Number of protein chains: 2
Amino acid sequence: MANQRATAGPHRGVYKAESPDGVTAPASTRERILDIAMELFVEQGYDKTSLRDIAERLGTTKAALYYHFERKQDILLELHLRLHALGREALEELARLESGQDRADAWPALVDHFIDEVVENRQLVLMHQRNHNALAELGNNERHRAENDDIEQLFRRVLNSPAIPLEQRVRMACSLGAVIGPLVAGDEFFPGVPRPELAELVRGAVRDLLRTRKPRS
Amino acid sequence: MANQRATAGPHRGVYKAESPDGVTAPASTRERILDIAMELFVEQGYDKTSLRDIAERLGTTKAALYYHFERKQDILLELHLRLHALGREALEELARLESGQDRADAWPALVDHFIDEVVENRQLVLMHQRNHNALAELGNNERHRAENDDIEQLFRRVLNSPAIPLEQRVRMACSLGAVIGPLVAGDEFFPGVPRPELAELVRGAVRDLLRTRKPRS
DNA sequence: GTCTATATTTCGATAGAC
DNA sequence: GTCTATCGAAATATAGAC
């Protein structure tokens, strides 16, 4: 009767049925659903993944899923929140800095952190970028809209800081794309290269990218 | 009776009903369909865009579309081929170079070209990256598979050239992501900045990114 | 918590008139 | 080339037994 909120009833807010001590409990059905859904959303996309597909791979039936999630969209929403949780803290901290120059100075550390998280949660990032449209439709959901608008505004606040020269702000945006390129999309292009080594090389590339040169004057 | 293959019959291979001289003819229905579909695929995604949606915005009915395209997928396929046509030539030329070093040297020019095309065909690029999953399903289509496998192999051949140091190859991959970042995805982050100026800044960033430094030894 | 139905809706695709 | 009408195949979601 310890921390069993997950089994206290269907679809009710926040769950995270971890055992109080660090013991790895058998993954709750709810979380197994999320993991399987993430796999399938990457393989086939959200729209082409039916609840029947998920249920089959999980070994149950469609209807059983409705005990754990009210609607199909809620599965996607939960996964989206998982992703947002990754970058939220770091981004908030960055946006809290007053001066634009401080923000620019702190950016490289943020990207470093970003690289680590992309490597560790590659599948989640993949799911995000391969289901852009489906995720956009979550905009109607209140819980999602609140969270999402927030994150987006944090980004905007940093990348729009008028105190940072435009050139540097553009490079900050470039650095994010540069990370996604080889670490996610172009995975098949560097087979056999251990991911940590790849990450290290990307780190070096981003470092050079962010080191703005003198404008040719 | 000049170049009217487009109206010679429904869905038959290649069309491009341009008038022989450079005169801008009124866009054929077929091309208006493609343009509208591209818009909608960007706004809502391929899966959530019904043929009814397309027909409505075009001012006709669903059934009319079937005169111009045999299946819904064929609309997406045609748009995909439009995109591939953009980069194909440059990429082929690059892959034809024998030495790996030659390829690495030619890469910056390719990216420069890539930047121009991304700026000029932003919507098409957007459609591509926002419908990754739907496009992957075209893999069953023969016409698509032939074309697509080809392009992918060209990329692989260049990015795998063993003569190019891994560090540089990774940076080549980074450079592609760095272009997409600010020019496509992060469009809303630089409002008011004319796109050519943005492109120029990205060009500078990529230049620094590709200039590999001495390894710290 | 999971099952077997089944209701409901939407969409791709076809038939055939004009 | 475009229309109306309709078929058939999914898929989401619900009802109710166990």
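These numbers were taken from a predicted model, which means no experiment stands behind them. Heavy-atom basis, side chains included; hydrogens, waters and symmetry copies ignored. Chain A is the first sequence line, chain B the second, and so forth, proteins listed ahead of strands; every chain is numbered from 1.
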Looking at A:T61, I'd like to know whether one of its side-chain N or O atoms comes within less than 4.0 Å of OP1 or OP2 on C:dC3. yes
Ignoring the backbone of A:A64, work out which of D:dG1, C:dG1, C:dC3 is nearest its side chain. C:dC3
Quick test of your reading of the model: are A:E152 and A:R156 salt-bridged, counting only N-O distances below 4.0 Å? yes
Atom CG of A:L65 and atom C1' of D:dA11: how far apart are they, to the nearest Å? 13 Å
In whole angstrom, give the distance that lies between atom CZ of A:F69 and atom C1' of C:dG1. 14 Å
Say whether, by atom type as modelled, one donor and one acceptor occur between the side chain of B:R30 and the main chain of B:H68 under 3.5 angstrom. yes
May I have all residue pairs that pass ring pair (Phe, Tyr, Trp, His ring centres under 6.0 Å) and include part of residues 115-135 of chain B, sequence neighbours excluded? B:H80-B:H128
Which letter, B, S or -, goes with each nucleotide of nucleotides 12-18 of chain C from 5' to 3', with contact meaning a protein heavy atom under 4.0 Å? BBBB---
B:K72 side chain vs B:T49 backbone, donor-acceptor pair below 3.5 Å: yes
A:F189 vs B:F155 aromatic rings, parallel, tilted or perpendicular, using cut-offs 30° and 60°? tilted
For the pair A:R195 and A:E120, find out whether any cationic side-chain nitrogen is under 4.0 Å from an anionic carboxylate oxygen. no
